[in-house]
*Asks:* 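Take this structure first; my questions come after.
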Amino acid sequence: MFDFSQLRCFAAVAEELHFGRAAARLNMTQPPLSRQVQVLERILDVQLLERTSRSVRLTAAGRSFLPEAQRILRLAESATHTTRQVAAGRAGVLKLGFTAASAYDFLPRLVAAFRQALPDVTLALREMVTKDQLEELLAGRIDAALVRPPVTHPDLTAIRAMAEPLVVALPAGNALAARGTLVPRDLADEDLIAYAPNEAHYFHDLVQELLAEAELRPRVVQQLTQIHSILALVRSGLGIALVPAAAEHLRLEGVVFRALALPDPRPAELILAWRRNADAPLLAQLVSILEALPSA
């Protein structure tokens with residue numbers, strides 16, 4: 001079987017139709033160039049070039065073989081380039097899971113920075129709740145995950161991607177909407193649209209801790225999983241809700257947001273997690289991009 005060196009030598013002579021120019025192009029002398037072409041002809045058992053003291057011409061077999069040789073050389077060059085880019089974390093596919101709420105603000109900023117830094121990388125995004133993301137991550141079906149804490153599995157490593165305060169979401173007609181920053185006692189007489197304890201346990205626990213510390217026991221009128229669904233009920237006037245500040249980017253008509261002053265604020269955290277022993281150069285790039293991402 002022929003090798004790439006023989007193909008390069010033949011292609012150079014066939015394109016230049018001159019051994020001297022082909023040798024100069026390949027930075028070699030004519031005798032080894034001629035030998036490489038002769039070896040290729042013996043391997044193929046055909047004559048590729050007609051040589052005289054004055055000219056070089058392609059035979060019919062040579063004219064047929066040249067485009068195939070050029071195609072093989074292009075493929076080899078492309079494969080080499082792509083492999084090096086992947087190894088350096090500048091090409092390939094990165095499969096990233098994310099929670100719905102992270103898409104309100106953080107994820108768009110991360111994706112924009114990632115695309116600017118690594119335009120040749122395909123970012124494959126999958127929206128899932130935290131539990132499903134961690135299962136997919138451990139199974140190797142995604143490379144990284146944007147999840148809610150905690151991340152405790154020994155096979156995973158994680159860093160904090162973002163922290164944001166909780167704010168109060170109010171129906172536009174609520175009397176509290178006329179105020180600026182609220183304090184916990186302002187919420188004492190309000191109906192609360194809360195988070196489901198199982199499906200949205202992170203936000204459920206976070207809000208319950210906040211209310212307990214403020215010695216508040218509001219009337220819980222509904223428990224839901226998704227923040228956008230909670231805001232839809234706020235808009236209907238059913239009650240108020242505590243949501244991450246990024247929810248303001250939804251710009252839902254009929255809903256206003258007010259800051260909540262707390263003696264011991266507890267932000268809502270978003271965590272980037274990945275497999276501890278993952279062989280994925282793109283992960284290092286993702287972490288670098290995330291760490292350089294400015295705060296909202």
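Scope of the values below: all heavy atoms of this structure, side chains included, with no hydrogens, waters or symmetry mates.
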*Asks:* Decide yes or no on side chain to side chain contact (heavy atoms under 4.5 Å, CB included) for Leu262 and Leu210, but give the supporting numbers first.
*Replies:* CA-CA 9 Å; Leu262 297 167; Leu210 182 155; 3.4 Å; yes

*Asks:* Are any non-hydrogen side-chain atoms of Leu138 and His153 less than 4.5 angstrom apart?
*Replies:* yes

*Asks:* Donor-acceptor pair, Arg141 side chain versus Glu135 backbone, under 3.5 Å?
*Replies:* no

*Asks:* Is a side-chain donor-acceptor pair under 3.5 Å present for Asn174 with Glu190?
*Replies:* yes

*Asks:* Any Lys/Arg nitrogen of Glu68 or Arg63 sitting under 4.0 Å from an Asp/Glu carboxylate oxygen of the other?
*Replies:* no

*Asks:* Would you name the heavy atoms of Leu26 and Cys9 that are closest together and state the gap between them?
*Replies:* CD1-CA, 3.8 Å

*Asks:* Under 4.5 Å between side-chain heavy atoms, hopping through other hydrophobics if needed: is there a path connecting Met162 to Met128?
*Replies:* no

*Asks:* Nearest 0.5 Å, please: how far is CG in Leu44 from CZ in Phe65?
*Replies:* 5.0 Å

*Asks:* Answer yes when Asp155 and Arg276 have at least one side-chain N-carboxylate O distance shorter than 4.0 Å, and no when they do not.
*Replies:* no

*Asks:* Does Phe106 form a side chain to side chain contact (heavy atoms under 4.5 Å, CB included) with Glu164? I'd like the steps, not just the answer.
*Replies:* CA-CA 10 Å; Phe106 179 78; Glu164 59 182 324; over 6 Å; no

*Asks:* Are Leu211 and Val221 linked, directly or through other ILVMFWY residues, by side chains that come within less than 4.5 angstrom of each other?
*Replies:* yes

*Asks:* Can Leu187 be reached from Val255 by stepping across I, L, V, M, F, W or Y side chains whose heavy atoms are under 4.5 Å apart?
*Replies:* yes

*Asks:* Among Val111, Leu125, Asp143, find the one that has a side-chain contact (heavy atoms from CB on, under 4.5 Å) with Leu96.
*Replies:* Leu125

*Asks:* For Glu248 and Val167: C-alpha separation, side-chain torsions, deciding distance, then whether side chain to side chain contact (heavy atoms under 4.5 Å, CB included) applies.
*Replies:* CA-CA 9 Å; Glu248 298 186 46; Val167 297; 4.1 Å; yes

*Asks:* How about Ser5 and Gln36: does a side-chain donor come under 3.5 Å of a side-chain acceptor?
*Replies:* yes

*Asks:* Would Glu199 and Gln226 satisfy side-chain hydrogen bond (donor to acceptor under 3.5 Å, both in side chains), going step by step from the backbone distance to the final call?
*Replies:* CA-CA 9 Å; Glu199 295 86 352; Gln226 297 295 334; over 6 Å; no

*Asks:* Does this structure show an ion pair linking Glu16 with Arg25, if we count only N-O contacts that are shorter than 4.0 Å?
*Replies:* yes

*Asks:* Ignoring hydrogens and angles, tell me if any N or O in the side chain of Gln133 forms a donor-acceptor pair with the backbone of Leu146 under 3.5 Å.
*Replies:* yes

*Asks:* Could you tell me if the side chain of Trp274 sits less than 4.5 Å from the side chain of Leu156, heavy atoms only?
*Replies:* no

*Asks:* With heavy-atom distances below 4.5 Å as the criterion, would you say the side chains of Leu66 and Leu58 are in contact?
*Replies:* yes

*Asks:* For Phe98, which residues count as a ring pair (Phe, Tyr, Trp, His ring centres under 6.0 Å) partner, sequence neighbours excluded?
*Replies:* none

*Asks:* Show the numbers, then the answer: is there a side chain to side chain contact (heavy atoms under 4.5 Å, CB included) between Val13 and Leu49?
*Replies:* CA-CA 9 Å; Val13 175; Leu49 300 169; 3.6 Å; yes

*Asks:* Is it the case that the side chain of Ser34 and the backbone of Gln30 share a donor-acceptor pair, with hydrogens and angles ignored and the cut-off at 3.5 Å?
*Replies:* no

*Asks:* Taking atom CZ as the centre, does Arg115 end up with more than 12 heavy-atom neighbours from other residues, nucleotides or ligands that are less than 6.0 angstrom away?
*Replies:* no

*Asks:* Please check: side-chain N/O of Glu41 versus main-chain N/O of Leu48, any donor-acceptor pairing under 3.5 Å?
*Replies:* yes

*Asks:* So, taking the atom named CG in Leu283 and the one named CG in Leu290, what distance separates them when rounded to the nearest 0.5 Å?
*Replies:* 11.5 Å

*Asks:* Which heavy atom of Leu260 sits nearest a heavy atom of Pro184, and at what distance?
*Replies:* CD1-N, 3.9 Å

*Asks:* Calculate, to the nearest 0.5 Å, the distance between atoms OH and CD belonging to Tyr195 and Gln208 respectively.
*Replies:* 11.5 Å

*Asks:* Would you say that Ile227 contacts Pro244 through its side chain, given a criterion of any heavy-atom pair below 4.5 Å between the two side chains?
*Replies:* yes

*Asks:* Can you see which heavy atom on His228 is nearest to which on Tyr104, and at what distance?
*Replies:* N-OH, 3.4 Å

*Asks:* What's the separation between atom CD in Gln70 and atom CZ in Phe10, rounded to the nearest 0.5 Å?
*Replies:* 8.0 Å

*Asks:* Under the 3.5 angstrom rule, does the side chain of Arg235 hit a backbone N or O of Glu253 as a donor-acceptor pair?
*Replies:* yes

*Asks:* Check this for me: Asn277, atom CG, are more than 12 non-hydrogen atoms of other residues, nucleotides or ligands nearer than 6.0 Å?
*Replies:* no

*Asks:* First locate atom CG of Leu118, then atom CG of Leu282, and finally report the distance between them rounded to the nearest 0.5 Å.
*Replies:* 7.0 Å

*Asks:* Any sub-3.5 Å donor-acceptor pair from Arg275's side-chain atoms to Ile142's backbone N or O?
*Replies:* yes

*Asks:* So do Leu182 and Leu170 actually touch side chain to side chain, heavy atoms under 4.5 Å?
*Replies:* yes

*Asks:* Is the shortest heavy-atom distance from the side chain of Leu7 to the side chain of Asp3 under 4.5 Å?
*Replies:* no

*Asks:* Do Ile240 and Leu192 make a side-chain contact, defined as non-hydrogen atoms from C-beta onward lying under 4.5 Å apart?
*Replies:* yes

*Asks:* Tell me whether Val243 shares a hydrophobic cluster with Val220, the cluster being built from Ile, Leu, Val, Met, Phe, Trp, Tyr side chains joined at under 4.5 Å.
*Replies:* yes

*Asks:* Taking all heavy atoms of Gln47 and all of Ala61, pick out the closest pair and write down the distance.
*Replies:* O-CB, 3.8 Å

*Asks:* Indicate, with yes or no, if Tyr202 and Leu137 share a hydrophobic cluster defined by side-chain heavy-atom contacts under 4.5 Å among Ile, Leu, Val, Met, Phe, Trp and Tyr.
*Replies:* no

*Asks:* Indicate the atoms forming the closest heavy-atom contact of Ala241 with Val234, along with that distance.
*Replies:* CB-CG2, 3.8 Å

*Asks:* Quick check: does any side chain N or O of Arg266 sit under 3.5 Å from a backbone N or O of Val207, one acting as donor and the other as acceptor?
*Replies:* no

*Asks:* Nearest 0.5 Å please: distance from the OG atom of Ser102 over to the CG atom of Leu270.
*Replies:* 5.5 Å

*Asks:* Considering non-hydrogen atoms only, spot the tightest contact between Leu293 and Ala113 and give its length.
*Replies:* CD1-CB, 3.8 Å

*Asks:* Taking Arg258 for the side chain and Arg179 for the main chain, is one N or O donor matched with an acceptor at less than 3.5 Å?
*Replies:* yes

*Asks:* Return yes if some donor-acceptor pair links the side-chain N/O of Arg8 with the main-chain N/O of Leu73 below 3.5 Å, else return no.
*Replies:* no

*Asks:* So does His204 have more than 12 non-hydrogen atoms from other groups sitting under 6.0 Å from NE2?
*Replies:* yes

*Asks:* Out of the candidates Leu286, Leu110, Leu94, only one should pair with Leu123 under the side-chain contact (heavy atoms from CB on, under 4.5 Å) rule; please name it.
*Replies:* Leu94

*Asks:* Distance-only, no hydrogens or angles: does the Asp45 side chain make a donor-acceptor pair with backbone N or O of Arg42 under 3.5 Å?
*Replies:* no

